Each structure stands twice: as structure tokens, then as C-alpha cells.
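Okay, structure first, notes after.
Values reported hereafter were calculated over all heavy atoms of this structure, with side chains retained and with hydrogens, waters and symmetry mates removed. A quick note: this is a predicted structure, and the numbers were derived from the prediction, not measured. Numbered from 1 within each chain, the chains take letters A, B, ... in sequence-line order.
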Amino acid sequence: MMQQSFQSIYERLYDYYGPQNWWPADTPFEMMIGSILVQNTNWRNVDKALSQLRPHLKPELIHEMPVDELAQIIRSSGYFNIKAKRIKAFMNWFKLYNDDVGEIKKKDKKQLRYELLKINGIGRETADVILLYAFDKAIFVVDAYARRIFYRIGFDMPAAYDGFRMEVEKELPNDLELFNEYHALLVQHGKNHCKSSPLCNGCPLNAICEQRLT
DNA sequence: TTCCCGAAGT
DNA sequence: ACTTCCGGAA
């Protein structure tokens with residue numbers, strides 16, 4: 001594998017799509033709720049659920065809300081019964097810090113990741129997007145898009161989540177803005193060109209991709 | 001019918 | 001490793 005490959009892919013995507021300024025949420029709290037809602041779900045459906053939830057989108061109100069009521073409000077995001085429980089589990093952890101994002105941000109990345117992964121419903125990917133976009137920790141998010149894009153390019157990536165993540169991280173500077181933009185750009189690219197049925201015509205990665213069709 | 005920025009249960 | 005959870009748009 002070429003050296004600087006992950007860096008050059010980032011640059012190609014950045015040049016093509018421009019800065020993404022993610023995550024699309026008004027507050028860190030909304031971002032964290034959204035990260036649970038978007039698990040294996042189209043963002044359009046998550047956006048609908050967040051619109052329904054927005055009047056209640058304050059920690060105190062979610063704490064008070066019965067889980068069944070929460071489930072109905074987030075219905076359009078799919079898996080709503082499970083996701084309502086997961087949000088509640090997350091809230092119980094959030095409460096330990098008095099619902100204070102600033103307090104949590106003081107903790108170091110490794111410890112924080114460990115804590116997040118103990119929450120029922122927070123797996124590696126969700127933990128990492130929360131670390132990155134709510135708590136400002138530099139980390140590479142391995143999602144379905146990243147796997148698909150790098151696999152199609154022709155990289156021999158590890159199947160395991162953390163193996164994949166560290167393979168990318170070891171070639172990149174430890175820069176928060178870089179990881180922030182990189183994940184956003186991969187998502188953008190996965191939606192616009194590198195879809196399950198790829199649209200290779202005009203793809204910004206054609207020059208370096210093995211799977212290019214046209 | 002397919003696919004969608006997964007995670008837990010078995 | 002396989003199944004379950006699930007609505008909504010294409």
C-alpha cells in the first residue's frame with residue numbers, strides 16, 4: 001500500500017466536496033441522540049425523528065419521559081423500541097456528569113471511549129462519532145461507508161473495527177479537524193458516488209480506484 | 001424489494 | 001456466525 005494514501009484520498013475528497021462542517025446538529029446533546037438514531041438507518045428518517053423530538057430535546061425532559069413515549073416520538077427512525085432504550089441507557093450515563101458536556105470533555109479519549117462502550121446500545125462506531133463530534137477527540141470513525149470505499153479502492157483493510165481504525169490513524173496526523181472532516185467526507189462520498197450500486201461516472205477517486213467502472 | 005453512517009442477543 | 005430490531009423512500 002502506498003504511503004500517504006489515506007492522506008491523498010482525504011485531499012481528493014476535500015477538493016471535490018469542500019469542507020463539510022459536521023456533525024449536522026445544533027448542540028452536542030442533539031448530536032449524541034442523533035448518533036443513536038442513525039444506527040443502520042437512513043439519515044432522512046433520523047431527521048424526521050429529530051424534528052418530532054426537538055420540542056423535548058433537553059436532557060431534563062428526556063430523563064422524565066417514559067421510554068414508551070420516547071419510542072413513539074422517534075418512530076420514523078426505525079428500531080424505535082430498541083433505540084428508545086439505548087437513549088435511556090445513554091442518559092443514565094450522561095446524568096452521572098450532571099448532563100454537562102463540558103465536564104465530560106475534560107476526560108481523556110481512552111477512558112471516555114471505555115465508558116461509552118459500557119453503555120448498552122453504544123458500540124464502537126457510535127462511541128467514536130460521539131467522541132469526535134460531541135467531545136472533540138481526534139479519532140477515525142469506521143462506518144459502512146469507510147469500509148466500502150476503501151475496500152473498493154483496493155486496500156487490504158483489516159476486518160476488525162479497531163484494526164481498520166488504527167490502520168488509518170497511523171498514517172495520519174493526530175488532528176481533530178482532519179478526522180472531523182474525513183468522516184464527513186466519506187459519508188458524503190458514500191451517499192453521492194460510492195453507493196451500494198456505485199456511480200463511478202465523475203467519481204473524484206477514479207484515478208486511484210480499482211473498482212471504477214467507466 | 002432494496003437499502004439505509006449498528007449493536008445486542010443467541 | 002446468524003438473527004433480531006423497523007420505518008420510509010426509491
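- Per the geometry, CZ belonging to A:Phe80 stands 17 Å off C1' belonging to B:dC4, to the nearest Å.
- Phosphate proximity of C:dC6 to A:Thr41: absent, as no side-chain N or O sits under 4.0 Å from OP1 or OP2.
- Only the C1' atoms considered, C:dA10 is 22 Å distant from B:dG6, to the nearest whole Å.
- A:Gly78 comes within 4.0 angstrom of a nucleotide base, judged by non-hydrogen atoms across all strands.
- Remark: A:Glu103 engages A:Lys106 in a salt bridge (charged side-chain N to carboxylate O under 4.0 Å, His left out) (not counting sequence neighbours).
- Residue pairs that meet the side chain to side chain donor-acceptor pair (under 3.5 Å) test with at least one member in residues 43-54 of chain A, sequence neighbours left out, are A:Glu30-A:Arg54.
- Every residue was checked against the salt bridge (charged side-chain N to carboxylate O under 4.0 Å, His left out) condition with A:Arg152, not counting sequence neighbours, and none meets it.
- The interatomic distance linking A:Met32 (CE) with B:dG6 (C1') rounds to 19 Å, in whole Å.
- The shortest distance between side-chain heavy atoms of A:Pro204 and A:His189 falls below 4.5 Å.
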Pairs under 3.5 angstrom, nitrogen or oxygen only, protein versus nucleotides 8-10 of chain C, please.
residue : atom : partner : partner atom : Å
C:dG8   : O4'  : A:Asn45 : OD1          : 3.2
C:dG8   : O4'  : A:Asn45 : ND2          : 3.3
C:dA9   : OP1  : A:Lys48 : NZ           : 3.2

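- As judged by a 4.0 angstrom heavy-atom cut-off over every strand, A:Arg124 is placed among residues touching the sugar-phosphate backbone only.
- As rounded to the nearest Å, C:dG8 and B:dA8 have C1' atoms that lie 24 Å from one another.
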Run A:Asp162 and A:Arg165 through salt bridge (Lys or Arg N to Asp or Glu O under 4.0 Å) and show every step you take. CA-CA 5 Å; A:Asp162 286 312; A:Arg165 177 172 63 83; 3.0 Å; yes
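- Between A:Arg148 and B:dC4 there is a side-chain N or O to OP1 or OP2 distance below 4.0 Å.
- Summarising the geometry, the separation between CD1 on A:Ile87 and P on B:dA7 is reported as 14 Å, rounded to the nearest angstrom.
- For A:Tyr16, the ring-ring contact (aromatic ring centres under 6.0 Å, His included) partners are A:His193, not counting sequence neighbours.
- The CG-C1' distance, from A:Leu37 to C:dC6, rounds to 13 Å in whole Å.
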In dot-bracket form, 5' to 3', how is DNA chain C paired? Count Watson-Crick and G-U wobble pairs only if both distances fall under 3.5 Å, and write | where the partner sits on another strand. |||||.||||
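- Remark: A:Phe94 pairs with A:Phe29, A:Phe90 by the ring-ring contact (aromatic ring centres under 6.0 Å, His included) rule, at least two apart or across chains.
- Considering only side-chain N and O atoms, A:Asn40 lies nowhere under 4.0 angstrom from the phosphate OP1 or OP2 of B:dA7.
- Near DNA chain B, defined here as any heavy-atom distance below 4.0 Å, the residues from residues 184-193 of chain A are A:Val187, A:Lys191, listed numerically.
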Please write out each protein N/O paired with an N/O of nucleotides 2-4 of chain C under 3.5 Å, distance rounded to 0.1 Å.
none

Could you give me the CA-CA distance, side-chain angles and deciding distance for A:Lys85 and A:Ile82, then say whether side chain to side chain contact (heavy atoms under 4.5 Å, CB included) is met? CA-CA 5 Å; A:Lys85 288 179 190 168; A:Ile82 284 181; 5.8 Å; no
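- Residues A:Asp128 and A:His183 bring no donor and acceptor atom of their side chains to less than 3.5 Å of each other.
- Side-chain N or O atoms of A:Asn192 include one that pairs as donor or acceptor with a backbone N or O of A:Gln188 at under 3.5 Å.
- Proximity of A:Leu13 to A:Leu205: side-chain heavy atoms (C-beta onward) are separated by under 4.5 Å at one or more points.
- B:dT2 atom C1' lies 12 Å from atom NZ of A:Lys195, rounded to whole Å.
- Taking only side-chain atoms of A:Asn120, from C-beta outward, the nucleotide of B:dG6, C:dC6, B:dG9 with the closest atom is B:dG9.
- The distance between atom CG of A:Asp143 and atom P of B:dC3, rounded to the nearest whole Å, is 17 Å.
- Spacing between atom CG of A:Leu50 and atom P of C:dG7 amounts to 18 Å, rounded to whole angstrom units.
- Across the C1' atoms, C:dA1 and B:dC4 are found 23 Å apart, a figure rounded to whole Å.
- Contacts of A:Tyr151 classified as ring-ring contact (aromatic ring centres under 6.0 Å, His included), with partners at least two apart in sequence or in another chain: none.
- Only the C1' atoms considered, C:dA9 is 24 Å distant from B:dA7, to the nearest whole Å.
- The residue A:Ile74 sits apart from the nucleic acid: no heavy atom pair falls under 4.0 Å.
- With sequence neighbours excluded, no residue forms a salt bridge (charged side-chain N to carboxylate O under 4.0 Å, His left out) with A:Lys110.
- Nearest nucleotide to the side chain of A:Tyr79, out of B:dC3, C:dC6, B:dA7: C:dC6.
- Using a 4.5 Å heavy-atom threshold, the side chains of A:Met157 and A:Glu167 count as touching.
- Among residues two or more places apart in sequence or in another chain, the salt bridge (charged side-chain N to carboxylate O under 4.0 Å, His left out) test is passed with A:Glu115 by A:Lys107.
- The separation between A:Ile122 atom CD1 and B:dG9 atom P is 13 Å, rounded to whole Å.
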